[in-house]
Colleague: 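I have a structure I would like to understand better, so I am pasting it below and will then ask my questions one at a time.
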Amino acid sequence: MTNQELITYITAWNDDAQFSLPAETDSGIISAIDDLSGTIVNVEIPPTHLTEFMKRLQSDPELQFDYLFDMIGMDWGKELGILYYLKSTVLHHKIVVRIKIEDRENPEVDTMENIWKAAHLQEREIFDLFGIRFKGHSNLKRIFLRKDFKGYPLRKDYEDDYMIIRK
Amino acid sequence: MSEQVITHSDIKFQEYFLNMGPQHPATHGVLRLILTLDGEEVVGIEPDLGYIHRGIEKMCEYDTYRQIIHLTDRFDYLSSHMNNEAVCLAVEKALEVEVTDRIKVIRTMMDELTRIASHLLWWGVMGMDVGALTTFMYAFRDREMINEIMEKTTGARLTMSYNIPGGVMFDLHKDFQKDVKNLIAHMRKVLPEYDRLLTGNVIFQRRMKGIGTLSKEDAVNYGATGPVARASGISCDTRKHEPYSAYNRVKFNEVIETAGDNLARYQVRMQEMYESLDILEQLVDNIPEGDYQVAMRNLIKLPKGEFYQSVETARGEFGVFIVSDGKKNPYRVHFRSPGFNNLNALLKAGLGGKIADLVATMSTFDFVIPDIDR
Amino acid sequence: MILTQNIFEYWTQNTEGWLYVLVLALIAALYLTFFAVAGLLLVLMERRVAGFFQLRLGPNRVGPGGSLQTIADALKLVSKEIFMPKFADKLLYKAGYYFVIIASLLGLSVIPFSAHFQAFDINVGIFFITAVSSVGVLGILIGAWGSRNKYSLIGAMRSGLQMISYELSAGFAVITIVLLAGTLQMSEIVEAQRDTWFIIKGHIPALIAFMIFMISGTAESNRVPFDLVEAEAELGAGFHTEYSGMGFAYFFLAEFENMFIIAALAVTLFFGGWLAPFGITDALPGQVFWGLFWFFLKVLIVIFVFMWFRWTFPRLRIDQLLVLEWKYLLPIGLVNIVLAALIVWQGWLFEPLKWLGL
Amino acid sequence: MSYFKKIFKAIHTLFQGMSVTGNYFFPNALTRKHVITCQYPEEPPVIFERFKGEVVMWHNENNEHRCTGCQACEIACPNGSIEIIWKWEINPETGRKKKAIDQHIYHLSMCTMCSLCIQACPTNAIMWSTNFHHATYDRGLLTKVLNKPGSKLMEGVEE
């Protein structure tokens, strides 16, 4: 599918019952834009609906996003975020699904491990460096840093006077 | 004292842990795998990473775009040129700079040289892992030719930092074409010899065939990339699907095997060397004239936005994700390293075999540990 | 120098009491010296040969042409601290290497280096070697068990499997030759080959036996492609992971000594031991020297073939190792014995020199 | 029959492998024909002219260099391996103060040979040398002062 087709196809899901929330605006909770250097469709979704949305992306025969290419943790300053970069090895199209997590103290999202096993290490990495907890992850512990490491170093508010020298 | 009769069910079979690494000859660096073993059979693998974690993603947030490049050398030091290229392409894409044909061809040729060098090193080490120690020196002899080509042009053999945003650092050395032609002729001679020495060997075939099988579904699900995924029958070569640099003007085949076992991965890499030689052969006489650098500001500032670029390294798809807020430093840089995702696939492919199988499987996955740890 | 039956009898014919014991100790010291010197030279040869196989030069700095390299290495190993794991079983850990050395020294004692140049010429010589060479694995097992390391233990268990399996086919290969020679005594096996070497005389069964012997010999001396005991890519250093200094050196030397014994056995059984090819040096003076010369030349060639194996082949996996033994070598060896018996019974020996009337 | 066929095929592949190594061994043993290693102290290694050994500052025969002390290299360096200590130099004729380098300090131990400083230099004052003998017994010796003592800026560089 081309990017435009993807956008129309996915935004149409806003009408479905499982993605409609009474509190949301008229435009629905799925908002898709053609962004990320103008080549990849970006979809923003609230974390509460992530699992259903992802399951649908993977199982929809028109989309077949069977490959979790990359997971990117983000710290947008106010809120944390995760970018899921999905690919289809069959249809060769791509999509980026992004979520934003408001709660910086105790961020938590559903794990994608049950949908794509590739998320196993990626989620551990994001937990390690951003402190986002993944509900239902099989083995969520620090992967790169020590067990007794304090803080989450890729967050913008992480301070380490010894290791970080600002020029 | 009653007489005790020991039956088969009374004997307790106990699984035990074996700590493989961080100092272990087969882990090629500081990868640590905590194995759960039943006898010699591997029933559980848990990676413990971070022995060479340097926090490059954080370091990049404090560096300018030019300075990031030399850090990317240090991920997968065997495909350093491709890693550099990913950042340069992303920066060029963001600034909408079009580089000259000469730069594209130089980058492509260097990519392929690096790929051959990386696969050669893999072949040598692969032989060592399964016990044939001589392959190492044979592979290094041939890799040395590539390293010398690199050294002549870029001044370094491994961490070259040859790419810069808007071109390459130096022009090609005057011997470059001659050396590459020599290399192509030499490699075409020695690659069949490699097959005679190792590929055909009955012991090697026994060690490889049907071991560490990764089915197509698993390879997709576990996020394998590069030769590992292609050995399982997934077409995932970025050079084909999203050609960058000069890959759209050369003809080459994407090597795909379907078996998904160690031998398939081995064959994919061996065939890729032939394909790389083909690419080099097509380009070596057609290096266009032109500038090797496009004029760019010394201090590069990217426009606000997010930029993604992926390239095909010797280990798989390497992606660079840059978030810029318009300053001289990136807001966030994320590197999608092929080794990290392939490690995930190893956790599946390595199960069920013996320790020796795990070692063989690990060497067909061709890990570079700094690439995993970043 | 005229020797009687063998060294042991020559030195002990006129001695009694404490002198007898002294002479025995002297012979033992002689063989220990040989053990060390041969080990060092073989290590040097291995490294040099490996160098040439791998497009390198090998050791070439210490002494003329690198000839003193292994002596320097041995000195280094002697001066190294002997480090024992904290939770090791001290007795077993230390007993390990003695078992290995004693097994290979015992094996060495019945090898005929030249005519009458043999410590003991017992009438069951070949049987004796097969018996004592199995003791070596016990040393590996207890040393690895005692060092309380999982890698060591895996290596040692592999070693046990490997030895038990390959003893069989090595034994069958030896029996084929014993059938042809009609004796178990080493010196007589050599004498029986004065006309024609057994590899030629026994033609097909001897050739098959030779190949089986070479394969199982490589396996018994734990060398590539059967070096699963050490398998440095898998187990670090295998059974001697926890040994340092001389403890490691003993294992290392014993490994090379075992290779020497296997090669010497192959030469004695198949290539006529100390006998010159076609008797070309039989008329020359200094028979003992010529015997030694031909013996060592043949042994070095066989050892070179072992090295050639080592620097070419990848390593087998443990189950494939057992498949090779139980599904291929053992049945072939058994059939081969029947074939050899048939040939000896019917007198279908291949003796071109005899047919030509020479 | 396939049992024996398999055995013969296996033995054939083994001999094939041995022929490859043998083809290298015998010429090597006799004439050292295929030996590829470099016997280092006796045989100097081949160093190509672009080899990035260490950063040096070019001086002419009058002990003059081309460094104006603009600190472009210091800013360009990603690792902070270059430090420039500069001073005010008073021109005796005009009496005007001018910025000049006192010490151009280069930490070789921190350098990753990325060439950014040399690319950044507007006056081509620093360049690569092909020296690779960097080993020292003291880490402090790896911190070098690139400008020679008593050297001064070459005439006409700043224009």
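So that the names make sense, note that chain A is the first sequence line, chain B the second, and so on, each numbered from 1.
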Colleague: Answer yes or no: are there more than 12 heavy-atom neighbours, outside D:F15 itself, under 6.0 Å from its atom CZ?
Modeller: no

Colleague: Could you please state which residues from residues 69-85 of chain B sit under 4.5 angstrom from chain D, measuring non-hydrogen atom to non-hydrogen atom, sorted by number, or 'none'?
Modeller: B:H70, B:R74

Colleague: With a 4.5 Å heavy-atom cut-off (strictly below), which parts of residues 47-54 of chain D touch chain B? List them by number.
Modeller: D:F48, D:E49, D:R50, D:F51, D:K52

Colleague: Quick check on D:H12: does its NE2 atom have over 12 non-hydrogen neighbours (other residues, nucleotides or ligands) under 6.0 Å away?
Modeller: no

Colleague: Taking side chain as everything from C-beta outward and backbone as N, CA, C, O, which of these in B:T64 sits under 4.5 Å from a heavy atom of chain D? Side chain, backbone, both or neither.
Modeller: neither

Colleague: Which one of D:S19, D:A72, D:A76 has the most heavy-atom pairs closer than 4.5 Å to chain B?
Modeller: D:A76

Colleague: What is the minimum heavy-atom distance between D:G17 and B:L197, and which atoms define it?
Modeller: O-CD1, 3.7 Å

Colleague: Would you mind listing every salt bridge (charged side-chain N to carboxylate O under 4.0 Å, His left out) that reaches into residues 144-159 of chain B, with sequence neighbours excluded?
Modeller: B:E144-B:R157, B:E151-B:R157, B:K152-B:D175, B:K152-B:D179

Colleague: Which one of B:Q205, B:M160, B:M169 has the most heavy-atom pairs closer than 4.5 Å to chain D?
Modeller: B:M169

Colleague: Hey, which residues of residues 105-117 of chain D are touching chain B, say heavy atoms under 4.5 Å apart?
Modeller: D:T112, D:C114, D:S115, D:L116

Colleague: Determine the option with the most heavy-atom pairs under 4.5 angstrom with chain B, choosing from D:T13, D:I118, D:T37.
Modeller: D:T13

Colleague: Are B:R141 and D:Y24 close enough that some pair of their side-chain heavy atoms sits under 4.5 Å apart?
Modeller: yes

Colleague: Answer yes or no: is there a donor N or O on one side and an acceptor on the other, between the side chain of B:Q67 and the main chain of D:C77, under 3.5 Å?
Modeller: yes

Colleague: Can you list the steps and then say if B:I164 with D:Q119 is a side-chain contact (heavy atoms from CB on, under 4.5 Å)?
Modeller: CA-CA 10 Å; B:I164 53 170; D:Q119 293 273 311; 4.1 Å; yes

Colleague: Quick check on the interface: out of D:I11, D:V46, D:I36, D:N23, who has the most heavy-atom pairs with chain B under 4.5 Å?
Modeller: D:I36

Colleague: Got a sec: does the NZ of B:K181 have more than 12 other heavy atoms crowding it under 6.0 Å?
Modeller: yes

Colleague: Determine, step by step, whether D:T21 and B:Y138 satisfy the side-chain contact (heavy atoms from CB on, under 4.5 Å) criterion, reporting the C-alpha distance in whole Å, the side-chain angles of both residues, the deciding distance to 0.1 Å, and the verdict.
Modeller: CA-CA 10 Å; D:T21 44; B:Y138 291 1; 3.8 Å; yes

Colleague: Atom NZ of residue position B:K327 - does it have more than 12 heavy atoms of other residues, nucleotides or ligands inside 6.0 Å?
Modeller: no

